[in-house]
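Contents: one structure, followed by commentary.
Index from 1, following the sequence. Values below: every heavy atom of this structure, side chains too, minus hydrogens, waters and symmetry copies. For clarity, every value in this text was computed on a predicted model and none was experimentally measured.
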Amino acid sequence: MNIIKLAALGMIALFAAFAANFGNDLAYTVHGIIITLVAGFLFLRTVTQIGEPALPAPTGYQDDVIRAGVIATAFWGVVGFLAGTYIAFQLAFPALNLGLEYTSFGRLRPLHTSAVIFAFGGNALIATSFYIVQRTSAARLWGGNLGWFVFWGYNLFIVLAATGYVLGATQSKEYAEPEWYIDIWLTVVWVAYLLVFLGTIIKRKEPHIYVANWFFLAFIVTVAMLHLINNLSLPVSIFGSKSVQLFSGVQDALTQWWYGHNAVGFFLTAGFLGMMYYFVPKQAERPVYSYKLSIIHFWSLIFLYIWAGPHHLHYTALPDWAQTLGMVFSIILWMPSWGGMINGLMTLSGAWDKLRTDPLLRMMVISLAFYGMSTFEGPMMSIKVVNSLSHYTDWTIGHVHSGALGWNGMITFSALYFLVPRLWNRERLYSLTLVNWHFWLATIGIVFYAASMWVTGIMEGLMWREVDAQGFLVNSFADTVSAKFPMYVVRGLGGVLYLTGALIMVWNLWQTARGAGENKHAAVAVPAE
């Protein structure tokens, strides 16, 4: 087996070195160097393992890869929030672009979105899904070290994507910017992820498949389908990053927003609902309010979400019937979305008093509140008459961030706080007071961010449609930019608060992992639930 691995790594390192040497652009050359170094390191590491005695087969849950996932989630979260805060201030103070192409808003914006969605959110989903599927299946992760391949392979994808953005290699497709060879690598990693997750479920010792696993499985399978179809492209050269999309015009736009909206629907909604359905009942120490509602919630969400993408293309060349179809399904989506929110909140029946003393549970509840608000606001904004005002304005930015920071961020923070004491066998978190500080800083930061964008977005839309008595536009585009300046500063300050809360979390988790503040002679291991 080691011989096959050595041959594969040697071939990869050799081809990557050729690619780096003959690369047609800087991003491709840099990526060739990165892959050469990674493959070369793994080759040497495999050589040193030849002849070593085989270790006994491990038993119990495979938590080492989950610990690595928790660390990566916290790290990429801070990186993503820092990038987002910086580019928010770039919009208020353009001098922060520094006059360099590598630090311009156009290069850093996809770096920010990928860092928070795919690096922070993706690592959180992989880590929590590995934790949850083992506990609810009473089975070790399938595939041996395949789980480690998923973790390291996924983070290599993040590094390649991020460096590509800064160096100007992009497909220019929202949330799907990585070029063709990075997409191929992500496909390999994602198939491995599916195999690990599905294999664990198949070999489960529990007869029942817990509802969280249904959401995780739907997220993994659907994201694979979205990724494959939206990234169909032909490379211009085997030694260059540039590629040409197979779709064009309105077909490409429709395919992109079928992908874009369902990346939100399945990556940022279904996957994180899998988190919610495990961690909220665990932290509240109450069973899920209604298992029947969770089934209805799951199947209606899965069926309806896939049709809602065209609402991103109102008043474009897309046929009117397709725009209306997307609007109708978006409005219908409000009901199953709130079914999940209600199920999560009602799980606290009989445990609401814990909110006074448990900041983790408070984070989970606020995340569900933001989920409910965002899944009401989204369908409302898909209505054509509302969209005619909101489209292309900062109202959309406020909507996206109230959901991302409030729903995805808060449920992830609470999951990290839940996991770290258990994964590092600590009695408790280092400081609940710091969790409380994190909660309030993050919540106030979200309110500053979303409220400022709601105000400036509606103002922007109204200024764009204002006409004088002769029917001429009253305001130029520059007028709207100037009018938005105060709100852009407020948005940046909201980002600073949110980032500060995340830094406090990292310190708290670090202190928890190292056992700070615990009585070493009387430490009691927290059960790995």
Item to complete: Kindly confirm or rule out a cation-pi arrangement of R286 over Y289, judged by NZ or CZ under 6.0 Å from the six-membered ring centre and within 45° of its axis?
Response: no
Worksheet item: Would the F267 and H227 ring centres measure less than 6.0 Å apart?
Response: no
Worksheet entry | Atom of F448, atom of G494 and distance for their closest heavy-atom approach | CB-CA, 3.8 Å
Worksheet item: What about the rings of F485 and F93, do their centers lie closer together than 6.0 Å?
Response: yes
Item to complete: Kindly assign one of parallel, tilted or perpendicular to the pair Y305 and H261, based on the angle between their ring planes and the thresholds 30° and 60°.
Response: tilted
Fill in: For H297, the option from N343, L273, V211, I342 that meets side chain to side chain contact (heavy atoms under 4.5 Å, CB included)
L273
Discussion item. Please report whether the ring centroid of F81 lies less than 6.0 Å from that of F120.
Written reply: yes
Discussion item. Under a plain distance cut-off of 3.5 Å, with no hydrogens placed, do Y278 and T136 share a side-chain donor-acceptor pair?
Written reply: no
Worksheet item: For the rings on Y449 and Y498, is their centre-to-centre separation under 6.0 Å?
Response: no
Response to the item:
From the list F157, F149, Y154, ring-ring contact (aromatic ring centres under 6.0 Å, His included) partner of W185 resolves to F149
Worksheet entry | Y193 ring center within less than 6.0 Å of F130 ring center | yes
Discussion item. Whether the side chain of T347 engages the backbone of V288 through a donor-acceptor N/O pair (distance < 3.5 Å, no angle test) should be reported.
Written reply: no
Worksheet item: Where does the angle between the aromatic ring planes of W152 and W148 fall among parallel (under 30°), tilted (30 to 60°) and perpendicular (over 60°)?
Response: parallel
Worksheet item: Taking the six-membered ring for Trp, is the centroid-to-centroid distance between W258 and Y175 below 6.0 Å?
Response: no
Worksheet item: Where the side chain of S129 meets the backbone of I126, is there a donor-acceptor pair that is under 3.5 Å apart?
Response: yes
Worksheet item: Does a side-chain N-to-carboxylate-O contact under 4.0 Å join E206 and R135?
Response: no
Item to complete: Answer with yes or no after comparing the ring centroid distance for W510 and F75 against a 6.0 Å cut-off, counting only values under it.
Response: no
